[in-house]
There are 2 protein chains.
Amino acid sequence: MTVDRKQLIVQAAFKSFSLFGYKGTTMEQVAKIAKVGKGTIYTFFQNKEELFNEILHNVIMEMRDVAKSSIDKNRTFFQNLNQVLFKTLEFRRKHELMVRLYHEVKEIGTPAAMDGLKKFESEIRKFIEIQVEKAIERKEIKHCDPEITAFIIFRLYISFVSEWSSLRDELDNEKIAELFQLYLAEGLAM
Amino acid sequence: MTVDRKQLIVQAAFKSFSLFGYKGTTMEQVAKIAKVGKGTIYTFFQNKEELFNEILHNVIMEMRDVAKSSIDKNRTFFQNLNQVLFKTLEFRRKHELMVRLYHEVKEIGTPAAMDGLKKFESEIRKFIEIQVEKAIERKEIKHCDPEITAFIIFRLYISFVSEWSSLRDELDNEKIAELFQLYLAEGLAM
DNA sequence: TTAATGACTAATATGTTCATTCAGTCATTT
DNA sequence: AAATGACTGAATGAACATATTAGTCATTAA
């Protein structure tokens, strides 16, 4: 049996994008790691961006699985929410590819990398949206627009995790859970 | 009586920064508009950045007055909050200097302009923080950390106004007030 | 006959040189 | 004593040369 060339290319591309980012990865590099001719890549993928999207899609699917498995039906919506947010953050921080992409977007602003991260974040929001819908059905939370709610939850989490820490001491996970409870669940009104 | 040279310089600098931004403004330009020699500027201001800070300080003070006068003691905390947020947004949009600075930060990332906007936003947060403190004293809202609360309110407003509109239809002022009411005031919990 | 390849090309990116611009100084003028 | 603008060194960017690289395709190997 002959080797699966597409598989080799995908693995090589994953390695290279993780190591050098989008811009730093050349098609020749990928071909070399995969030990195939450069032309062979183009029999499976139209161009560099399509190859990148395939890699990213795999990572996003992996992330979705992580988020899914962090849900515990016996816990409350807000408990699960904190778990999901924490797990996806951890995922972002642990996966070399994600770290590289965030860095690349910040430092160079590579359009393909920006698009990739947008997809990634949009997937997280979509996942939260589904949890919100379920929580509404279960009457665990009030009726609200799930999309806006997911958007708010995600923005608020990002604000806590990355923007607040550039103003004051970093907030730990427990503190963030408390804040979500106070502001989003219970509300400020007396 | 001889003309007030410092005043002339400040007016000229305000004009130039508003018209051409920080980077686009040259000290020679300012001198020319003010009809003084370039060296004269340096008898009042150490350098370009200090001149810029003086101009910005004036604008920030003006903004604080606008925010202050939008407060109505007969209204609730959340009503006033919406007024303040709306007025400061309007201020940002109306004042040529602010528009230019936001544009410059986005397009070129001039450090002095970035610092300036940080100061501006920090001032808004500080103002909200004071309103939060008063509302806590008045027992209008629950006890909470005023700084974090102001931070959340501001981030949430920015999210609604500028980030949501790149995903879906822009939210009008009334809708944003509703959202604040639902998410921050009443909370999502059943 | 089909799949794989890598030399090739056009487009883009990067490095280099050099002229211009500009913030800040200071000797001269008012 | 206050004001000025010619001057300086550093930074910027235009213009050109060189190098890289995404994507193609004629050739090769299976």
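Order of the sequence lines fixes the chain letters, A, B, ..., with proteins taken first and strands second; residue numbering starts at 1 for each chain.
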Discussion item. Taking A:Ile33 as the starting point, is it possible to reach A:Val59 by hopping between hydrophobic residues whose side chains are less than 4.5 Å apart?
Written reply: no
Worksheet item: Using 30° and 60° as the class limits, which term best fits the ring planes of A:Phe151 and B:Trp164: parallel, tilted or perpendicular?
Response: perpendicular
Separation of atom [atom1] in [X] from atom [atom2] in [N], rounded to whole Å:
{"X": "B:Lys32", "N": "C:dT21", "atom1": "NZ", "atom2": "C1'", "result": "15 Å"}
{"X": "B:Ile41", "N": "D:dA2", "atom1": "CD1", "atom2": "P", "result": "18 Å"}
{"X": "A:Ile108", "N": "C:dA13", "atom1": "CD1", "atom2": "C1'", "result": "12 Å"}
{"X": "B:Lys35", "N": "D:dT4", "atom1": "NZ", "atom2": "P", "result": "13 Å"}

Discussion item. Taking 4.0 Å as the cut-off, does a side-chain nitrogen or oxygen of A:Arg5 come that near to OP1 or OP2 on C:dA4?
Written reply: yes
Please tabulate, one pair per line, each protein N/O and nucleotide N/O from nucleotides 19-22 of chain D that are separated by under 3.5 Å, including the distance.
| residue | atom | partner | partner atom | Å |
| --- | --- | --- | --- | --- |
| D:dA22 | OP1 | A:Thr25 | O | 3.4 |
| D:dA22 | OP1 | A:Lys48 | NZ | 3.3 |
| D:dA22 | OP2 | A:Met27 | N | 2.7 |
| D:dA22 | N7 | A:Lys38 | NZ | 3.1 |

If the threshold is 4.0 Å, N to carboxylate O, is there a salt bridge linking [X] and [Y]?
{"X": "B:Arg93", "Y": "B:Glu90", "result": "no"}
{"X": "A:Glu129", "Y": "A:Lys134", "result": "no"}
{"X": "A:Glu163", "Y": "B:Arg155", "result": "yes"}

Fill in: Centroid-centroid distance, A:Phe78 to A:Phe180, less than 6.0 Å
no
